[in-house]
Amino acid sequence: EAGVAQSPRYKIIEKRQSVAFWCNPISGHATLYWYQQILGQGPKLLIQFQNNGVVDDSQLPKDRFSAERLKGVDSTLKIQPAKLEDSAVYLCASSLDLAQGAYQAFGPGTRLTVT
Amino acid sequence: SQQGEEDPQALSIQEGENATMNCSYKTSINNLQWYRQNSGRGLVHLILIRSNEREKHSGRLRVTLDTSKKSSSLLITASRAADTASYFCATDARGAQKLVFGQGTRLTINP
């Protein structure tokens with residue numbers, strides 16, 4: 001079974017620029033998550049999709065962050081404009097059905113540096 | 001906000017020793033999960049324990065759950081250098097349908 005794919009692996013941008021991350025979940029996984037992980041901390045959930053609908057985006061800074069999941073498969077997360085405090089690793093994860101106690105499979109992450 | 005709090009924040013032991021990490025949480029849960037993260041990598045699921053379970057084993061891993069104390073522990077026996085990583089507990093709070101991760105324990109195994 002192929003794992004969760006993410007690209008790019010690394011990105012360096014200047015503040016006020018925009019950036020986009022891409023995620024391809026495990027085939028058949030209905031639920032997709034984007035997390036932000038700041039150095040030395042645990043992952044913080046930004047947004048959760050069930051198929052192509054948003055389940056939870058309560059911690060997504062909507063003035064600058066946006067995400068979509070096209071056709072319930074791939075997803076993109078965008079930051080526009082970026083701030084210095086957005087420097088972090090952005091992790092994508094997917095699962096079968098969290099309501100049934102499924103675990104989450106994580107991609108390798110995208111390390112973003114904002115200068 | 002973080003639901004789970006791991007203790008200790010960092011742990012350094014000799015290869016072959018056992019490592020114990022603890023996690024405390026605040027609300028009622030459906031299940032609690034432990035994940036490992038090697039430096040620069042994504043998280044890897046280790047084990048899931050449901051709220052009606054008290055202990056679970058997987059290879060060299062042993063997880064306990066005490067719902068009355070809202071705490072869990074992860075024991076790694078006969079540690080190896082390859083166990084060096086950060087370990088996170090994550091709770092699936094009742095009614096939330098999402099995982100909330102703690103800050104993690106950074107484990108270093110010295111050869």
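So you know, we letter chains A, B, ... as the sequences are listed, proteins then strands, and number each from 1. Everything quoted here is computed from the prediction, not taken from an experiment.
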Asks: Quick one: ring pair (Phe, Tyr, Trp, His ring centres under 6.0 Å) pairs with a partner in residues 8-28 of chain A, sequence neighbours left out?
Replies: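 Non-adjacent pairs meeting ring pair (Phe, Tyr, Trp, His ring centres under 6.0 Å): A:Phe21-A:Tyr90.
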
Asks: Treat each ILVMFWY residue as a node, draw an edge where side-chain heavy atoms are under 4.5 Å apart, and state whether A:Leu32 and A:Leu91 are in one component.
Replies: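 Different hydrophobic clusters.
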
Asks: Please work out which of the three classes, parallel, tilted or perpendicular, describes the rings of A:Tyr35 and B:Phe101, given edges at 30° and 60°.
Replies: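 Rings of B:Phe101 and A:Tyr35: perpendicular, as their planes differ by over 60°.
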
Asks: Output the distance between atom NE2 (B:His45) and atom OG (A:Ser95), rounded to the nearest 0.5 Å.
Replies: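 OG of A:Ser95 is found 10.5 Å from NE2 of B:His45.
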
Asks: Do B:Tyr35 and A:Pro43 make a side-chain contact, defined as non-hydrogen atoms from C-beta onward lying under 4.5 Å apart?
Replies: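 No, side chains not in contact.
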
Asks: Is it possible for you to say whether B:Leu43 and A:Leu46 belong to one hydrophobic cluster, with membership spreading through side-chain heavy-atom contacts below 4.5 Å?
Replies: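 No: no chain of side-chain contacts under 4.5 Å links B:Leu43 to A:Leu46.
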
Asks: Any chance the side chains of B:Gln33 and A:Gln104 put a donor and an acceptor closer than 3.5 Å?
Replies: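 Not at all, the side chains of B:Gln33 and A:Gln104 share no donor-acceptor pair under 3.5 Å.
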
Asks: Which atom pair, heavy atoms only, marks the closest approach of A:Ser58 to B:Lys98?
Replies: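 Closest heavy-atom pair between A:Ser58 and B:Lys98: OG-NZ, 4.1 Å.
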
Asks: Side chain, backbone, both or neither: which part of B:Gln9 has a heavy atom under 4.5 Å from chain A?
Replies: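 For B:Gln9, neither part sits under 4.5 Å from chain A.
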
Asks: Roughly how far apart are B:Gln103 CD and A:Ile38 CD1, rounded to 0.5 Å?
Replies: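 Interatomic distance, B:Gln103 CD to A:Ile38 CD1, rounded to 0.5 Å: 10.0 Å.
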
Asks: Are B:Met21 and B:Tyr25 joined in one hydrophobic group, where the rule is that I, L, V, M, F, W and Y side chains link up if heavy atoms are under 4.5 Å apart?
Replies: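 As far as the 4.5 Å side-chain criterion goes, B:Tyr25 and B:Met21 are connected within one cluster.
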
Asks: Please write out which residues are connected to A:Ile12 in a hydrophobic cluster, directly or through intermediates, given that two of Ile, Leu, Val, Met, Phe, Trp, Tyr count as joined at side-chain heavy-atom separations below 4.5 angstrom.
Replies: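 The other cluster members (ILVMFWY side chains, heavy atoms under 4.5 Å, direct or chained): none.
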
Asks: How about A:Arg69: does its CZ atom have over 12 heavy atoms from other parts shown lying under 6.0 Å from it?
Replies: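 Result for CZ/A:Arg69: enclosed.
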
Asks: With only heavy atoms counted, which part of A:Gln37 is less than 4.5 Å from chain B, the side chain, the backbone, both or neither?
Replies: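 Interface part for A:Gln37: side chain.
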
